Amino acid sequence: MTGFFDRTYPPSGRVLLDGGLDTKFAKTIIPENESPDCANVLFENGAAGTRGGSTALAGTSFGSHIGDGIYVRHDNDGSETMCVWGGGDMYDFQSTTFVTIGSAQSVFVSGSRIGATEYENYLFVGQSGVTNPYKWDGSTFSRHGVPIPQSAPTAVINSAGTLTGDYSWKVTYVNTNVVEGDVGSATATYAATADRYVITIPTAPASFGVNARKIYRTETSGITYKLVTTISDNSTTSYTDNSSDSELGSDAPTDNGVPPQYSFIKEHQNRLFCNDVNNGNFLWYSDLANPYVFKATNFNRIGDNSGDLLRNIEVFDNGIIAFGQRHTYIVYMPSTDASTWVVVQARTTMGSKSPYGSVEFENRVMFPATQAGQFVGFATLQGDTIEPSATFLTVSVAGSELQSDVIEPNMFDIQQSFLGNISAISFKNRLYITVTSGDGETLNNKIYVYDYSISNLAKKKRGAWVPYTGLSPTQFAIYDGKLYFIESTATGLVKQLETASYNDNTAAIDSYYETKEFSGLKGEEDLQKDYRTLQLLFDKPGDYFMNLRTKVDSDLGEGNNQIIDLDPGGSIWGTMTWGNDVWGGGTAQEDKRIFLGSTRGKRIAFKFTNQNTVDQRFRVHGFRFSYNIKGKR
């Protein structure tokens, strides 16, 4: 057969590399911009290149602890406070070091995840192992709600006065935000005959966050408690009551309850929403514009109290998504009036078991999905805001419609027993999702990054996936405009991710990208080819190299390796050696023709790597290759 020479693929333009990982389908049939195997790379404008590195915040740790949580609190002046948990304690980051919050020492349970949300400059914090949730404003650590007094007041006759009849007294606590709790126990009933009484008032522990107390008393021989006076401190221990019934004020509160013990919590529409550790189907919410009071009726029942317990909540548009472990529910909120809310079950058989794994992006919510109680991948909820009906929210329910469908084999490596470890965050048009991956693993050891930005070059219809390895995040947070994570291993470290360096706290980043297998122009798939050249456009970032491996016909070996010089060349005044160096600033990119030698086969693939070397990176913008046809073999 007469050969055909100088065939070029693609006929015009270049093959781009921003489609992300695709491990579900054969490497011969995936789209040309997708990869059957890649790790630790970023995609941008058609290119694939080594991700940024990671480094320990201020080079310090908060002890040899596993990280149980990381959140950021903001002040009205724009300042931020990073808070972390580990070893049963809570810390905040101050300038260059982590400082233990004294009143939060030994309050928490080591190894149990923290749930927190921010509202009115406070962090509201709960944990499944801690009965009482707390709040933190940057200086004071105290109970989330306003507890009732732990002991009843007492009363004794002081002297002659105006009180005649049967009386008893109660006391309430008021926190620093002037929010009052429920009344405590009553004194005994006293039969007064023209007397005045000295009331001994209980004081509250510092952890209660009490700033004032109110005394209530019944009217003469009555049963309703009315305000006698307000004690504007938490130290005074007695008060003399000689007030007539006509001088009494408002009725005592009867339903200013505290929040339940919770392990996850979110703020929405000037309320706080949380789970109930002791009642697995209750979604509680605070009073409007009052995050401290949870009335006895402020809850919605989610699921069936058996196999479909509440596992996560997420804010979405003007509602709350409540994830049961078998089904997904929507609390539709047309107004802030709770009486107008409607709970509907989404038309899906998917739920979630990951309290910290959902994340909102582009008017959608991605979440770790379970079906029949088993993890199946990452699904996306997308809804409208028209009517509270079964179509209010739509869910990708078919396996082929999961956002993670193209990496389905990787999803099977995520450990079913540790779905509660999964955490996610959105940062700069990417979702970062940390998981426990691999047999025998019990801690988070891998990140899946989902780039949902749309490339102007590749015209992607969907996002691109890539795994990050060599990292162990428990959870992510954004602080000072940068992405951080707290480690799941016992290092006590918080690390910044996507730094300008190309190492992980001095360790090498194993960055590589393998292309699909290309069979050439249409109609020439079954023909034997003699591959001649690769026209490669790549960055030249430093005086080091990248590897280019060439494989044909699904070669299981390493293929043929070539070393590509990434030295930009050039020198500047004062650094060059005359007669040896090249004058000038060098070149940032090179469009280079690389000869492939005697490379023959029906299909060809290329793999680019940073040689798994510290502070080395690569970035490939695209390529074309040429071949001669040898005939059918």
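Keep in mind that what you see is a predicted model, and the values were worked out from it rather than measured. Start at 1 with the first residue, then count along the sequence.
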Legend entry - Greater than 12 external heavy atoms within 6.0 Å of Arg593's CZ: no
Legend entry - Residues, nucleotides or ligands: over 12 heavy atoms within 6.0 Å of Lys428 NZ: no
N/O donor-acceptor pair under 3.5 Å between [X] side chain and [Y] backbone:
X      : Y      : value
Lys540 : Asp567 : yes
Glu80  : Asp480 : yes
Thr370 : Gly351 : yes
Lys529 : Ser519 : yes
Ser354 : Ile422 : no
Gln415 : Gly438 : yes
Ser488 : Ser472 : yes
Glu441 : Asp439 : no
Gln616 : Met546 : no
Asn610 : Ser511 : yes

Will you find, in the side chains of [X] and [Y], an N or O donor that is under 3.5 Å from an N or O acceptor?
X      : Y      : answer
Ser423 : Arg113 : yes
Tyr512 : Asp37  : yes
Ser437 : Asn445 : no
His621 : Asp539 : yes
Ser404 : Tyr450 : no
Gln475 : Tyr356 : no
Glu32  : Tyr9   : yes
Gln611 : Tyr544 : no

Salt bridge or not between [X] and [Y]? Use side-chain N to carboxylate O under 4.0 Å.
X      : Y      : value
Lys516 : Glu34  : no
Asp530 : Arg532 : yes
Glu44  : Arg619 : yes

Legend entry - Any pair counted as salt bridge (Lys or Arg N to Asp or Glu O under 4.0 Å), so long as it reaches residues 487-508, sequence neighbours left out: Arg51-Asp504, Glu487-Lys495
Inset, instruction - Take Phe623 and Arg14 through the test side-chain contact (heavy atoms from CB on, under 4.5 Å) and record every step on the way to the result. - result: CA-CA 5 Å; Phe623 62 85; Arg14 296 186 180 90; 5.9 Å; no
Starting at [atom1] of [X], measure out to [atom2] of [Y] and round the result to the nearest 0.5 Å.
X      : Y      : atom1 : atom2 : value
Lys592 : Ile564 : NZ    : CD1   : 5.5 Å
Phe323 : Lys353 : CZ    : NZ    : 15.0 Å
Tyr479 : Leu57  : OH    : CG    : 7.0 Å
Lys446 : Ile433 : NZ    : CD1   : 13.0 Å
Ile594 : Leu534 : CD1   : CG    : 5.0 Å
Phe476 : Ile486 : CZ    : CD1   : 12.0 Å

Would you indicate whether the side-chain heavy atoms of [Y] and [X] approach each other to under 4.5 Å?
X      : Y      : value
Phe316 : Leu381 : no
Leu17  : Phe608 : yes
Ser626 : Asp6   : no
Leu431 : Phe361 : yes
Asp591 : Gln589 : no
Asn40  : Thr469 : yes
Thr515 : Val15  : no
Ile70  : Thr474 : no

Inset, instruction - Might you work through the side-chain contact (heavy atoms from CB on, under 4.5 Å) test for Trp465 and Asn410, ending with a clear yes or no? - result: CA-CA 11 Å; Trp465 290 97; Asn410 301 68; over 6 Å; no
Which pair of non-hydrogen atoms, one from [X] and one from [Y], has the smallest distance, and what is that distance?
X      : Y      : value
Asp18  : Ala464 : O-CB, 3.6 Å
Gly87  : Asp68  : N-OD2, 4.1 Å
Gly357 : Pro368 : O-CD, 3.3 Å
Gly520 : Tyr627 : CA-OH, 3.6 Å
Gly86  : Tyr91  : O-CE1, 3.8 Å
Val41  : Val466 : O-CG1, 3.4 Å

Can you give me every donor-acceptor pair (side chain of residues 548-560, partner residue at least two apart or in another chain, under 3.5 Å) with its distance?
{"from": "Lys551", "atom 1": "NZ", "to": "Gly557", "atom 2": "O", "distance (Å)": "3.4"}
{"from": "Asp553", "atom 1": "OD1", "to": "Lys602", "atom 2": "N", "distance (Å)": "2.9"}
{"from": "Asp553", "atom 1": "OD1", "to": "Arg603", "atom 2": "N", "distance (Å)": "2.9"}
{"from": "Asp553", "atom 1": "OD2", "to": "Lys602", "atom 2": "N", "distance (Å)": "3.4"}
{"from": "Ser554", "atom 1": "OG", "to": "Glu517", "atom 2": "OE1", "distance (Å)": "3.0"}
{"from": "Ser554", "atom 1": "OG", "to": "Glu517", "atom 2": "OE2", "distance (Å)": "2.9"}
{"from": "Ser554", "atom 1": "OG", "to": "Arg603", "atom 2": "NH2", "distance (Å)": "3.3"}
{"from": "Asp555", "atom 1": "OD1", "to": "Gly557", "atom 2": "N", "distance (Å)": "2.8"}

Between [X] and [Y], is the ring centre distance below 6.0 Å?
X      : Y      : result
Phe606 : Tyr531 : no
Phe98  : Phe62  : yes
Phe375 : Phe378 : yes

Legend entry - side-chain contact (heavy atoms from CB on, under 4.5 Å) between Leu42 and Tyr468, worked out: CA-CA 10 Å; Leu42 288 177; Tyr468 283 9; 2.8 Å; yes
Inset, instruction - Start with the C-alpha distance between Thr97 and Val99, add both sets of side-chain angles, then the distance that settles side-chain contact (heavy atoms from CB on, under 4.5 Å), and finish with yes or no. - result: CA-CA 6 Å; Thr97 188; Val99 177; 4.1 Å; yes
Inset, instruction - For side-chain hydrogen bond (donor to acceptor under 3.5 Å, both in side chains), just list the numbers for Asn312 and Ser358, CA-CA rounded to whole Å, side-chain angles, deciding distance to a tenth of an Å, and then say yes or no. - result: CA-CA 8 Å; Asn312 185 21; Ser358 59; 2.8 Å; yes
